[in-house]
Amino acid sequence: MTLRKVNISILIVAVVIFLLVIHHNFLSLSDFLRRELSDPSPLGLQPIDFIPAAPQRLADEWNDKEIPVVIAASDERLGGAIAAMNSIYQNTRANVVFHIVTLNDTVDHLRMWLRIPPLKNMRYRILDFDPRVLEGKVQVDPQKADTFKPLTFARFYLPSFVPHAEKVIYVDDDVIVQDDIIELYNTPLKPGHAAAFSDDCDSTSSKVAVRGAGNQYNYIGFLDYKKETIRKLAMKANTCSFNPGVFVANLTEWKLQNITKQLEKWMALNVVEELYSKTLAGSITTPPLLIVFYKQHSSIDPMWNVRHLGSSAGKRYSPQFVEAAKLLHWNGHFKPWGRTASYAEVWEKWYVPDPAGKFNLIRRHSEAYEAK
């Protein structure tokens, strides 16, 4: 009788151990799958929406190669991001995947907007950006805290948004695309270059002067050459600057060269030493990019960043030139959704009205205008 009890006890212990091993393995597998799906980054970015399968026409014609496009989408400018993505999607036959970087309180609004025609078939992933990553790197005036736009720094963290991509396109939310974005994606980058920008001096946009812009096309317009730290870099003050609102990045080189860490270094130094020039309304995103990519970047076709459409309320280009541009960029104070925008009719062709009614176009003939 005693021996039987011992055997039963041994059997029970063996079963318990077996169940514990299975439970441990199951937890390990669950943890592995959770890591694979969330793909956490140093920023703590998490994908909120997963990407649906590519339409068959794209899979057949482009071998399903994904073309990643990163765009930041803040709530107060959400209509701009929607128009930009719609113009890219409607003008390409490539398998474009949008990586939309936003803040947590914008997610529901954005998701609702993306569910309506003609946007519902777009492939996208929504990523929540944590502004705390900028602590100690950006000096925020307490009296102007509302004007601080953390998403403007999203372009500094591209490998965190698309960790497995070799190449990526970044575009601002105040652009529209009028040609197939695959052409921009195929921009050749020189060996050792992590990005390709449109140089200001070579740009067709620079042929027309922008009133009050100062040294808009040179490094001295963005950096304070009175500071010793800047002078020690031996960068020529008259070096042509570039526009970081549209660019192509080689993420392999970006990671090899630790571009993000370099940018953060100069951001932190500026907080202490105030290295940026004040002549261009306090630009805080362009200066560190100019330093890090000094004579170390390739060029994109100027027609892929026809800019300064938002620099004045007047029309600076001919209708023929605007029509021929591959990408139009309303950088400046006068956005295409605002009251005094130039070429607003061109932008409005790609705008999809907000189903929530929060984002309205402001036009001269009425206080608020929503495209029908």
Side-chain angles (χ1 to χ4, degrees), residues 35-47 50-51 54 62-73 84-85 88 92 94-102 123-130 133-134 137 151-173 175 177 181-198 242-267 285-286 288-301 304-305 327:
R35 289 197 306 270
E36 287 297 297
L37 288 174
S38 62
D39 192 22
S41 70
L43 298 182
L45 292 165
Q46 298 291 332
F50 290 97
I51 304 170
W62 288 95
N63 297 319
D64 203 26
K65 179 181 180 181
E66 291 185 356
I67 308 299
V69 176
V70 175
I71 186 169
M85 290 187 289
I88 292 170
T92 188
N95 183 17
V96 171
V97 177
F98 295 101
H99 297 262
I100 311 168
V101 187
T102 190
R123 304 184 70 212
Y124 63 87
R125 173 172 286 145
I126 299 175
L127 291 162
D128 180 30
F129 184 76
D130 187 353
V133 72
L134 301 174
K137 305 177 186 74
L151 288 175
T152 191
F153 295 97
R155 71 199 83 191
F156 290 7
Y157 298 95
L158 295 179
S160 297
F161 306 140
V162 199
H164 305 301
E166 180 180 348
K167 200 174 184 182
V168 67
I169 296 170
Y170 172 85
V171 294
D172 276 346
D173 59 8
V175 310
V177 170
I181 198 131
I182 190 70
E183 181 183 324
L184 178 60
Y185 181 82
N186 287 333
T187 298
L189 274 70
K190 295 178 181 178
H193 286 183
F197 302 91
S198 177
F242 54 78
N243 181 273
V246 178
F247 64 93
V248 180
N250 179 331
L251 295 190
T252 302
E253 280 294 336
W254 191 290
K255 288 181 276 192
L256 282 173
Q257 298 178 33
N258 251 333
I259 297 296
T260 296
K261 289 295 183 185
Q262 291 188 56
L263 292 168
E264 289 183 326
K265 166 194 167 183
W266 288 105
M267 292 165 67
T285 51
T286 303
L289 287 162
L290 292 178
I291 294 173
V292 171
F293 287 104
Y294 178 69
K295 294 189 175 181
Q296 287 295 320
H297 68 275
S298 299
S299 298
I300 66 173
D301 181 343
W304 273 103
N305 192 358
L327 182 148

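Small disclaimer: the values here were computed from a predicted structure and weren't measured.
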* Criterion side-chain contact (heavy atoms from CB on, under 4.5 Å) on Val177 and Trp304, from CA distance to verdict -> CA-CA 8 Å; Val177 170; Trp304 273 103; 3.7 Å; yes
* Asked: Can you name the closest pair of heavy atoms from Val101 and Phe129 and give their distance?
  -> CG1-CB, 3.6 Å
* To do: Would you name the heavy atoms of Ala196 and Thr187 that are closest together and state the gap between them?
  => CB-CG2, 4.2 Å
* Measure across Ile71 and Ala84 and return the closest heavy-atom pair with its distance rounded to 0.1 Å. => CD1-CB, 3.8 Å
* At what distance, to the nearest 0.5 angstrom, does CG of Leu251 lie from CD of Glu166? -> 8.5 Å
* **Met85 vs Ile100 side-chain heavy atoms within contact, under 4.5 Å** => yes
* Roughly how far apart are Thr102 OG1 and Leu127 CG, rounded to 0.5 Å? -> 10.0 Å
* Asked: Any side-chain heavy atom of Val70 within less than 4.5 Å of one from Arg155?
  -> no
* Excluding sequence neighbours, so at least two apart, what forms side chain to side chain donor-acceptor pair (under 3.5 Å) with Asn243? -> Asn305
* Asked: Can you tell if the side chain of Phe293 reaches within under 4.5 Å of the side chain of Gln262, non-hydrogen atoms only?
  -> no
* Euclidean distance, Lys190 NZ relative to Gln296 CD, rounded to 0.5 Å -> 10.0 Å
* Asked: Closest heavy-atom contact between Val97 and His99?
  -> O-CD2, 3.5 Å
* Asked: Residues two or more places apart in sequence or in another chain: which of them pass side chain to side chain donor-acceptor pair (under 3.5 Å) with Gln257?
  -> Glu253
* **Heavy-atom pair with the smallest gap, counting every atom of Leu189 and Ser298** => CA-OG, 3.5 Å
* Asked: To the nearest 0.5 Å, how far apart are OG1 in Thr252 and CH2 in Trp254?
  -> 12.5 Å
* In sequence, state the C-alpha distance, the side-chain angles, and the governing distance for Val246 and Leu184, and then conclude on side-chain contact (heavy atoms from CB on, under 4.5 Å). => CA-CA 10 Å; Val246 178; Leu184 178 60; 4.0 Å; yes
* Asked: Can you tell if the side chain of His297 reaches within under 4.5 Å of the side chain of Phe247, non-hydrogen atoms only?
  -> no
* To do: Could you tell me whether the side chain of Leu290 reaches within less than 4.5 Å of the side chain of Phe242, counting heavy atoms only?
  => yes
* Asked: Can you tell me how far the CG atom of Asp172 sits from the OG1 atom of Thr152, to the nearest 0.5 Å?
  -> 7.0 Å
* Structure fact -> Minimal heavy-atom distance between Thr285 and Phe156, with the atoms involved, is O-CZ, 3.4 Å
* Close side-chain approach of Ile88 and Ile169, heavy atoms under 4.5 Å -> no
* State, yes or no, whether a side-chain contact exists between Leu134 and Met267 at a heavy-atom distance under 4.5 Å. => yes
* Asked: Are Lys65 and Tyr185 close enough that some pair of their side-chain heavy atoms sits under 4.5 Å apart?
  -> yes
* Asked: Looking at CG of Leu151 and CG of Asp173, how far apart are the two atoms once the value is rounded to the nearest 0.5 Å?
  -> 9.0 Å
